Amino acid sequence: MITYNQIYDVIVVGAGHAGCEAALAAARMGCRTMLLTINLDAIALMSCNPSIGGLAKGHLVKEIDALGGEMAKNIDATGIQFRILNTKKGPAVRASRAQADKQLYRLRMKRVLEQQKNLDLKQGEVTALYLESCELRGVELQSGIRYLSKTVVVTTGTFMRGLIHIGLNNYPGGRAGDQPSVGLSDQLRALGFNVGRLKTGTPARLDARSIDFSKLETQFGDDPPQPFSFSTDRISMPQIPCHIAYTNHRSHDIIRSGLDRSPLYSGIIEGIGPRYCPSIEDKVVRFPEKERHQTFIEPEGLDTIEVYPSGMSTSLPIDIQIAFYRSIVGLEQVEIMRPAYAIEYDYVDPIQLHTSLETKAIGNLYHAGQINGTSGYEEAAGQGLIAGINAALRVKGRDPLVLERSQAYIGVMIDDLVTLGTKEPYRMFTSRAEYRLLLREDNADLRLRDIGYQLGLVSEQGYAIFAEKRRMITADLNRIAVTRLTHSDNELEVLSRRGLEDIQKGTTLEHLLKRADISYADLADLDHVSRETLPLIREQVEIQTKYKGYIDRQMEQVEQARKLESTRIPASLDYASVKSLTTEVREKLAKNRPDTLGQASRIPGVTPAAISILSIALKSSFWKENAA
């Protein structure tokens, strides 16, 4: 084994969406960083759906951007259809989604990484961590070279012992066309980590020339398209439509006829798949009453004929795939360019992580992405960003960044993972956040931009633009709170036209805006200053005014919970010595090793009474230590 003559601050293993964010964050924070990947031509490759965002996932992307990450900028530069989802619902559940040009997305991210100061990119397969006296010192490659580092971030995606299934045939692979990673998960298991097995899948890729789009519903994006990044002024990429198709009774009969050769139903696949993104055969079996299932036929790029039928992932044999795809109206002559497949891979139970994403068993080792049992590019990128930040902070001798559940969806996700663990691929939903009215897409910068700037991930120029936006929002909120109706001729005419003659003279614009039937656009009719207010300022002022009562109530709940969240539990605490706890609770706490009382309170089976006992025990321990 040859040892390379450079000691890195941070080594990132894997260049998927988690690895890219981790490497960029560490390098931008001034750490000498290396990104290692099996294939440099597959950096940030969209192995499944060529899109970014969606329900709750869009929130994650906005938060990544607010903290100084790259994902939002990358999709803004390469997106070919943008849509805001749930526009008829409240602001807490509105979400952005964009279809990407798959190859442009990959190439731009690779270019950003290549041009990043302090960052080296190298191709190679990591087969083992390098430890000296149980302390992490770097990584070892299949090629016989050892790289030394102060910290390591592992973001292996679906590559650890990856196994691809098409019907009853299977073969090793990290994804179609790429070799798996062999050895690393075996070593992690030998080091005492609880390593499990998960499964995910992807649809076939279809030849657009063989599809009759005249028989399908056309779905256009928003006009104008709204960017993801708070730094993007406008979208310059050409925008193209997607199309909607449906399965039918014949499709379902064909799928059922192949279940005896499905690795999912014949017991060949051992890994647990994503409950909220099931394969088409799983949908047909689990929901026999449904007459049809919808699919969006989505282009993979501007300069390719390949299209992606979302929601149609499968591991059925290729002959069944051909038959059921061709049973769909509009796809009667469709040609499959790349078959659908399922993939099994190893993951490490995230209950073995601190909230910083550092492993409890080995210091200076961080896990992010699908190795932690998550699914989705956005979930991976959010973890990668935090892992990269915390690896850099460790090198600098600073405390880790831990986002609270009340601060960010990223904080909710990481807390869920490290507190509860997961037995199936974890996907982000707005329903997972108890403070979701505080954690909206539109205010991600107001929540997190200061943190990104303090870490050095947000530029001076970017921060100055944000600071001016925040100042303007505060100024306008203060203005409408004191500006009152005078019942001028113009005001009376506008109020009469809107059927609001009952509005009294002296009513503030703030009070008016709180009404469900009044929008900021109505204020613009009444008030010349409101007429000049920028759209992004209008949006924030309207949301913060209309939902002020609800927001204030959630803030009170946050303050009540903060004491638990901030009370740290020493890693050395012997739960067996806390005799007032039940045996079951002691066992759960000893297994999970929560970092804080708040985290302990969310472990299933740990009661409020147990938290009170633990709190008293911690105070007793504190006084004993200080007396000594």
Side-chain angles (χ1 to χ4, degrees), residues 13-19 36-39 42 45-49 124-128 141-142 154-190 193-205 258-275 277-282 312-321 336 338-350 367 369-377 379-380 422-427:
V13 180
H17 305 279
L36 274 165
T37 180
I38 287 177
N39 184 359
L45 183 64
M46 293 174 147
S47 307
C48 197
N49 198 335
E125 179 188 345
V126 174
T127 54
L141 273 61
Q142 185 186 51
V154 178
T155 69
T156 46
T158 60
F159 278 69
M160 288 202 305
R161 291 203 313 126
L163 186 66
I164 290 174
H165 297 269
I166 302 175
L168 300 181
N169 299 313
N170 57 69
Y171 57 92
R175 59 178 159 235
D178 282 315
Q179 66 191 66
S181 169
V182 179
L184 185 56
S185 61
D186 291 333
Q187 184 196 26
L188 291 171
R189 190 180 287 106
F193 287 95
N194 180 17
V195 178
R197 198 85 169 141
L198 292 178
K199 165 256 175 187
T200 189
T202 188
R205 303 311 192 267
L259 291 179
D260 62 327
R261 291 186 288 147
S262 163
L264 188 63
Y265 285 92
S266 61
I268 294 175
I269 291 179
E270 299 174 358
I272 300 171
R275 191 191 332 171
C277 188
S279 63
I280 185 61
E281 61 263 42
D282 212 11
M312 295 287 114
S313 67
T314 183
S315 55
L316 287 165
I318 188 66
D319 59 311
I320 300 296
Q321 290 188 34
I336 292 179
R338 307 185 201 216
Y341 63 89
I343 182 168
E344 284 187 283
Y345 56 94
D346 285 349
Y347 82 108
V348 179
D349 191 342
H367 288 176
Q370 284 177 289
I371 190 174
N372 289 338
T374 58
S375 68
Y377 311 144
E379 289 89 343
T422 188
K423 300 298 182 185
E424 63 182 20
Y426 176 101
R427 179 177 178 176

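Heavy atoms only: backbone and side chains are in, while hydrogens, waters and symmetry mates are out. All values derive from a computational prediction rather than experimental measurement.
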Between [atom1] on residue [X] and [atom2] on residue [Y], distance to nearest 0.5 Å:
X	Y	atom1	atom2	result
Cys48	Arg175	SG	CZ	11.5 Å
Gln187	Met160	CD	CE	11.0 Å
Gln370	Ser375	CD	OG	7.0 Å
Tyr377	Asn49	OH	CG	6.0 Å
Ile371	Thr158	CD1	OG1	12.0 Å
His165	Ile343	NE2	CD1	8.5 Å

Classify the side-chain pair Tyr265/Asp260 by whether it contains a donor and acceptor separated by less than 3.5 Å. no
Can a side-chain donor-acceptor contact be found between Glu281 and Thr314 if the only test is distance below 3.5 angstrom? yes
Side-chain contact test, heavy atoms from C-beta onward, threshold under 4.5 Å: evaluate it for [X] versus [Y] and give yes or no.
X	Y	value
Arg189	Asp346	yes
Thr422	Pro350	yes
Leu184	Val154	yes
His17	Glu379	no

Considering all heavy atoms of both residues, which atom of [X] and which atom of [Y] are nearest to each other, and what is their separation?
X	Y	result
Ile269	Ser315	CD1-OG, 4.3 Å
Asn372	Tyr347	C-CD1, 4.2 Å
Gly271	Lys199	O-CB, 3.7 Å
Leu141	Gly124	CD2-CA, 3.9 Å
Pro339	Ile166	CG-CD1, 4.0 Å
Pro317	Gly258	CD-O, 4.3 Å

N/O donor-acceptor pair under 3.5 Å between [X] side chain and [Y] backbone:
X	Y	answer
Ser279	Asp282	yes
Glu125	Val182	yes
Thr202	Ser313	no
Arg205	Pro203	yes
Thr155	Val13	yes

Going by the side-chain contact (heavy atoms from CB on, under 4.5 Å) test, name the single residue among Thr374, Thr200, Leu198 that passes it with Pro425.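 Between Pro425 and the candidates, side-chain contact (heavy atoms from CB on, under 4.5 Å) is satisfied uniquely by Leu198.
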Out of Asn170, Leu163, Ile268, Ile164, which residue meets the side-chain contact (heavy atoms from CB on, under 4.5 Å) rule with Glu344? Leu163
